[in-house]
There are 2 protein chains.
Amino acid sequence: MLYIARQFDPLSNEKEMIESSIEESIVLSIFDLSNQLKKIGDDVYQKVGLTTQQWLILLHLANNPNLPFFKREEHSKDLMASELADSLNVSRANITNLINVLLDKGLIRQYEDKDDRRKKRLKLTKKGITLVNNTQPSRLGVINYLTEGFNDAEKKTFLRFLETCMNKLINEDDKIKSFHKLLVDI
Amino acid sequence: MLYIARQFDPLSNEKEMIESSIEESIVLSIFDLSNQLKKIGDDVYQKVGLTTQQWLILLHLANNPNLPFFKREEHSKDLMASELADSLNVSRANITNLINVLLDKGLIRQYEDKDDRRKKRLKLTKKGITLVNNTQPSRLGVINYLTEGFNDAEKKTFLRFLETCMNKLINEDDKIKSFHKLLVDI
DNA sequence: AAAAATAGTTAATATTATTAACTATTTAAG
DNA sequence: CTTAAATAGTTAATAATATTAACTATTTTT
């Protein structure tokens, strides 16, 4: 059980407990939209025998400049597993599994870093490059269809919004966690 | 293997294969942000012994008006499992499991619909209502922090963008699927 | 009255992910 | 310069999250 300084009376009218809020609507919509997009992605990528996560790895190795990861930091060398784990926000062990699938399918290859023998760097094979290129029109078709009807200024506002939120989440982690402390166990 | 009318030469320069595009940046950022938010949510909700999915069910049963589901359609009666499955975009079997956990914890209760005996409707218990109310300040704290620094017009543009995308995904499913047909097996 | 659709459940299983323990290597500290 | 700490990757065991298929019960449609 929990206790916090209370904003609402829990015994009040059970129906309209929660207020309309544009901010909460935004956050819940982002969740919902991402979910839907993932489902659509899964449908497409399973036609080529991949999951959305595996697909995202290919996009990283294709140096897709639209990935938030590449906007956050420059990468001159080929990526390694731990960087993918960072970007996808999952464990390294999980990345190992995903990579093994892609290696088996001959879509990527792995080579040892000469300067640091702990590291293994990843690269698309020709087959992997072809796959990325061949699926690109379908991907961009959906994306452009979704975003059409908005002008450039609106799209920029939108992207700035997303990136500002991300920065807050990543750089001001402490601040976010301080909100959680509003939850105190009894 | 796949074949499509080719946009890029797969043998060309391996580095800058993919162009910068604000539209693709938006979609990839939405993914990323949703991911981060989910991780944060998982951290908070696991303190109260719930997963993000279970939490979302509670938000539905609290009739949170900010949920996209309630913006899409009015609901006068209490929700049933299949409606939750619709909203969360998962199978009914999955919802059964999630609901059983919440029933065990005494956060929700289930009653049979008098008019249609196939249906079981769901309701928060007092304990469930208290939990929702007690966690609300923490949730809203994070949400308001994330969205501060943008004015109301920008927030509205942003929300309209998200909702327009969702509508396209839901109502114009055929159109989306037609893009996938750009992928043709050899 | 029969057939189809809807709601929910169960069982078996797939997937996706995690943690913990381990090796190998590099970097930092005393 | 040698020990301790940090980093990269892997493996094994397991948790969580989800799915499909088959089933019952009920309602709706034809």
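The sequence lines fix the lettering, A, B, ..., with proteins before strands; numbering per chain opens at 1.
Judged by distance alone, the side chains of A:Ser25 and B:Lys71 do bring a donor and an acceptor atom under 3.5 Å apart.
A:Lys38 forms no cation-pi arrangement with B:Phe31, by the criterion of a distance under 6.0 Å to the ring centre and an angle within 45° of the ring axis. Cation-pi geometry between B:Lys168 and A:Tyr145 is met: the NZ or CZ atom falls under 6.0 Å from the ring centre, inside 45° of the normal.
With rounding to whole Å, B:Asn100 atom CG is found 15 Å from D:dT17 atom P. Rounded to whole angstrom, the span from the CG atom of B:Asp42 across to the P atom of C:dT18 amounts to 10 Å. Nucleotide C:dA5 holds its C1' atom 12 Å from the NZ atom of B:Lys119, rounded to whole Å. The interatomic distance linking A:Leu88 (CG) with C:dT18 (P) rounds to 10 Å, in whole Å. Computed from coordinates, the B:Ile95 CD1 to C:dT10 C1' distance equals 16 Å when rounded to whole Å. In this structure, CG of B:Asp86 is placed 17 Å from P of C:dA5, rounded to the nearest angstrom. Spacing between atom CD1 of A:Ile99 and atom C1' of C:dT16 amounts to 15 Å, rounded to whole angstrom units. Rounded to whole angstrom, the span from the CE atom of A:Met80 across to the C1' atom of D:dG9 amounts to 11 Å.
Side chain of A:Arg92, nearest nucleotide from D:dA8, C:dT18, D:dT19: D:dA8. When distances are taken from the side chain of B:Thr96 to each of C:dG8, D:dA8, D:dT20, the shortest belongs to C:dG8. Side-chain atoms of A:Asn94 lie closest to C:dT18 of the nucleotides C:dT18, D:dT17, C:dG8. Side-chain proximity of B:Ala93 to C:dG8, C:dA11, D:dG9: nearest is C:dA11.
A heavy-atom distance below 4.5 Å is not found between the side chains of A:Trp55 and A:Val44. B:His60 places none of its side-chain heavy atoms less than 4.5 Å from the side chain of B:Glu83. In this structure the side chain of A:Met166 reaches within 4.5 angstrom of the side chain of A:Arg72, judged on heavy atoms.
Taking the ring centroids of A:Phe161 and B:Phe150, they lie under the 6.0 Å cut-off.
For A:Ser91 and C:dA17, the shortest distance from a side-chain N or O to OP1 or OP2 is not below 4.0 Å. Side-chain N/O atoms of B:Thr51 include none lying less than 4.0 angstrom from OP1 or OP2 on D:dA16. Put simply, A:Ser82 has a side-chain N or O that comes within less than 4.0 Å of OP1 or OP2 on D:dG9. Contact annotation: A:Gln53 side-chain N/O to C:dT15 OP1/OP2 distance is not under 4.0 Å. Side-chain nitrogen and oxygen atoms of A:Lys38 include none within less than 4.0 Å of the OP1 or OP2 phosphate oxygen of D:dA18.
Judged purely by atom type and a 3.5 angstrom limit, B:Thr157 uses its side chain to pair as donor or acceptor with the backbone of B:Ala153. Of the possible donor and acceptor atoms, one in the side chain of B:Lys105 sits under 3.5 Å from a partner among the backbone N and O of B:Gly49. With hydrogens and angles disregarded, no donor-acceptor distance shorter than 3.5 Å links the side chain of B:Asn64 to the backbone of B:Leu59.
Comparing B:Lys120 and A:Asn97 against DNA chain C, the residue whose closest nucleotide sits nearer the 5' end is B:Lys120.
Of the residues in residues 102-118 of chain A, those lying under 4.0 Å from DNA chain D by heavy-atom distance are A:Gln110, A:Arg118.
With the end axes of the helix from C:dA1-D:dT30 to C:dG30-D:dC1 each set by five pairs, the angle from one to the other reads 30° at 10° resolution.
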